Amino acid sequence: MKRIIPPVKGTRDFYPEQMALRNWLYSTVRAVSESFGYQEWDAPFLETLDLYAAKSGEELVKKQSYVFTDRGGDEITLRPELTPSLARMIAARQNELVFPVRWWSFGPFWRYERPGRGRSREFFQWNIDMLGANGAEADAEMVAIAAAFLKAVGLTPAQAQIYVNNRGLMDTEFDKLGIKPEKKADVSGLVDRREKMNAEAWETNAVEIGLSASQLEGLKSILEDRERWRNSEELTRLFKTLETLGFLEYVKYDPNIMRGLLYYTGTVFEAFDISGGVRRSILGGGRYDNLLRDVGGEPLPAVGFAMGDVVISLILQELMLLPKLPISPAPVLVTVFSPELLMESISLAADMRLNGLKVVCYPEAAKLPKQFKYADRMGMRVVLVIGPDEANTGKVTVKNLSNGTQETIDRSKVSESINKILESQ
RNA sequence: GUGCCUGUAGCUCAAUGGCAGAGUCCCUGACUGUGGAUCAGGUUGUUGUGGGUUCGACCCCCAUCAGGCACCCCA
């Protein structure tokens, strides 16, 4: 084999089969987003480094971003996330937009990470946000959208769950334990790591951070108490709204969910695949009421979440929930019997297209078995044949590939016959 | 970034220092106007790459690249 230049590490090639899946995911995301009245939008794929330096974590900017200097000497970044672009664009038109703004987006992002199972350097991400609405009911809508998506792709509550927590509640609980404000970030990080470490190492870590024995015991009892959400008015309203929306079975309170440290201020949530032994994160988000103010806009409450395409595709594939998508967009093949009849076939195909059918015409006269085999492998459902007999009598043979039956009929009745076959499914 | 495992035909994999193979796919024919099934025949390789050891390397050693798994990090 000749040497083929390899693709860039961490990128994926989208052959038609994978492209069909990507588009299917996109269309599902679109359907769910639009059912809640969200508008599609997008930002540039290239942004200045400054945009992320302002508010994203150092890790994301310094180690995980693709940064290059363009010919004009500016530092440019391939966008690693969408929220800073959202904040920038909202802030620029803060006085003319109609609030609350409900926007969604599906596009490519880049992060220079170590590629592995469920992780690539170039990926697609669904982002959906509501800005200008405060309150637990808005948070509930966002969680409901996530649940509606899980349901739309066929994941049951037994396979996927959305775990919800509230930063405000945790803050109050930390206060009760006497954890000082300057320690809260460390403790949040500790909570975030709990699921990933063994119990012993986690407790050692807690002591290193400076928790006393009684604080550690208090923290553990908070993290094991699944009813403490009742102490939070916001969470109480959120769960009530989710019940009314009909998605409560997908949602649970989980005090272990903290979600990094950056811009989240209230409700935080994360959806996991729980069908296997390992909890895999499908999507995550929460309320970030300070971001607009932090990037120089007027204060504006906001809530949203993001979902990468890689993990969800992997999960759906493992659970065999991916739909069988047609290989060829055209279900009809017109065969070419002989060189003399080539124009006859091309003309028939053109006719069928005028009737609104998606049609492929074989490009040359080849042996019929070969052409039928092509139709079969391309997943086509109807094959048309014009041989000398049909050409002389103005007829066409229509074969239904799913059951092997065929009939020879007047050319004028062909499209009707095809439609009947395609409808029969 | 760290450790372990893997890399052989388009694909899935054999070959334990001695002639590189099988299944599948593909092509041809059985079937000169009909796909899937069956049967027969045929093509397919710088064994990831570069060095080294050896009379001789897919096999052993070193390096490198790529992929997988577990950490680390992150969401």
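Just so it is clear, the model here is predicted, and its values are computed rather than measured. By convention in this document, chain letters (A, B, ...) are assigned in the order of the sequence lines, proteins followed by strands, and residues within each chain are numbered from 1.
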Next item on the list: With A/Arg79 as the cation and A/Phe45 as the aromatic partner, state whether NZ or CZ is under 6.0 Å from the six-membered ring centre and within 45° of the axis.
Entry: no

Next item on the list: Taking the six-membered ring of A/Tyr112 (Phe, Tyr or Trp), confirm whether the NZ or CZ of A/Arg121 is under 6.0 Å from its centre and within 45° of its axis.
Entry: yes

Margin query: Measuring only the C1' atom in each nucleotide, how far is B/rG18 from B/rC58? A whole number of Å is fine.
Written below: 13 Å

Next item on the list: For B/rA14 and B/rU47, measure between their C1' atoms and round to the nearest Å.
Entry: 13 Å

Next item on the list: For B/rG50 and B/rU46, measure between their P atoms and round to the nearest Å.
Entry: 11 Å

Notebook entry, point to check: Over how many whole Å does the gap from A/Leu314 atom CG to B/rA75 atom P extend?
Noted result: 21 Å

Notebook entry, point to check: Of all of residues 394-416 of chain A, which get a heavy atom below 4.0 angstrom from RNA chain B, listed by number?
Noted result: A/Thr397, A/Lys399, A/Leu401, A/Gly404, A/Gln406

Notebook entry, point to check: Listed by chain and number, what are the salt bridge (charged side-chain N to carboxylate O under 4.0 Å, His left out) partners of A/Lys395, not counting sequence neighbours?
Noted result: A/Asp410

Next item on the list: Mind telling me whether A/Trp41 and A/Trp103 have parallel, tilted or perpendicular rings, with 30° and 60° as the class edges?
Entry: tilted

Note to self: In this structure, how many angstroms lie between the C1' atom of B/rA75 and the CG atom of A/Asn165, rounded?
What the structure shows: 16 Å

Check: Checking all strands, does A/Lys370 fall into the base, sugar-phosphate, or nothing category for heavy-atom contacts under 4.0 angstrom?
Finding: nothing

Notebook entry, point to check: OP1 or OP2 of B/rG29 sitting under 4.0 Å from any side-chain N/O of A/Lys367?
Noted result: yes

Next item on the list: Could you check how far CZ of A/Phe372 sits from C1' of B/rG33, rounded to whole Å?
Entry: 8 Å

Next item on the list: Please determine, by modelled atom types, if A/Glu390 and A/Thr397 share a side-chain donor-acceptor pair under 3.5 angstrom.
Entry: yes

Check: Which listed nucleotide (B/rG33, B/rC27, B/rU34) is nearest to the side chain of A/Lys373?
Finding: B/rC27

Margin query: Suppose you measure atom C1' in B/rA9 against the same atom in B/rA22; what distance do you get, rounded to whole Å?
Written below: 11 Å

Notebook entry, point to check: Base, sugar-phosphate, or nothing: which does A/Val383 touch, judged by heavy atoms less than 4.0 Å apart?
Noted result: nothing

Checklist line | Atom-to-atom span, CG of A/Asp389 to C1' of B/rU34 - whole angstrom | finding: 14 Å

Checklist line | Listed nucleotide nearest any side-chain atom of A/Gln64, set B/rG33, B/rA66, B/rC74 | finding: B/rC74

Note to self: Can you measure A/Trp110 atom CH2 to B/rA75 atom C1' for me and round it to whole angstrom units?
What the structure shows: 18 Å

Next item on the list: Would you mind reading off the distance between A/Tyr112 atom OH and B/rG1 atom P, rounded to a whole angstrom?
Entry: 7 Å

Note to self: Aromatic contact between A/Trp104 and A/Phe36, with the criterion being ring centroids under 6.0 Å apart: yes or no?
What the structure shows: no

Next item on the list: For B/rA30 and B/rG35, measure between their P atoms and round to the nearest Å.
Entry: 12 Å

Check: Do A/Glu390 and B/rG33 share a donor-acceptor pair, side chain to base, under 3.5 Å?
Finding: yes

Check: Given the rule that a pair is Watson-Crick or G-U wobble with both distances under 3.5 Å, how would you write RNA chain B in dot-bracket, using | for pairs to a different strand?
Finding: (((((((..((((....[..)))).(((((.......))))).....(((((..]....))))))))))))....

Notebook entry, point to check: Got a donor-acceptor contact below 3.5 angstrom from the A/Ser33 side chain to the A/Val29 backbone?
Noted result: yes

Check: Is there a donor-acceptor contact under 3.5 Å from the side chain of A/Thr172 to the main chain of A/Gly168?
Finding: yes

Next item on the list: Using atom OH of A/Tyr362 as one end and atom P of B/rU34 as the other, report the distance to the nearest whole Å.
Entry: 16 Å

Next item on the list: Using the ring of A/Tyr26 (Phe, Tyr or Trp, six-membered ring only), decide whether A/Arg22 places NZ or CZ under 6.0 Å from its centre and within 45 degrees of its axis.
Entry: no

Check: Given that A/Phe272 and A/Asp376 both sit by RNA chain B, which one's nearest nucleotide is further toward the 5' end?
Finding: A/Asp376

Check: If you measure from the P atom in B/rC73 to the same atom in B/rC59, how many Å do you get, rounded?
Finding: 38 Å

Margin query: Over all strands shown, is A/Arg119 touching base, sugar-phosphate only, or nothing at heavy-atom distances under 4.0 angstrom?
Written below: base

Notebook entry, point to check: Does any donor atom in the side chain of A/Glu340 or A/Ser338 lie under 3.5 Å from an acceptor atom in the other side chain?
Noted result: yes

Margin query: Between B/rU43 and B/rU6, how many Å separate the two C1' atoms, rounded to a whole number?
Written below: 29 Å

Margin query: Distance check needed: B/rC65 P versus A/Arg114 CZ, whole Å only.
Written below: 11 Å

Note to self: Heavy atoms from C-beta onward define the side chain here; which of B/rG33, B/rA75, B/rC26 lies closest to that of A/Arg377?
What the structure shows: B/rC26

Next item on the list: Please name the pair of heavy atoms, one in A/Asp129 and one in A/Tyr38, separated by the smallest distance, quoted to 0.1 Å.
Entry: O-CE2, 3.4 Å

Notebook entry, point to check: What nucleic acid atoms does A/Phe337 come within less than 4.0 Å of, heavy atoms only: base, sugar-phosphate, or nothing?
Noted result: base

Next item on the list: Could you work out the separation of B/rU44 and B/rG56 based on their C1' atoms and round it to a whole Å?
Entry: 27 Å

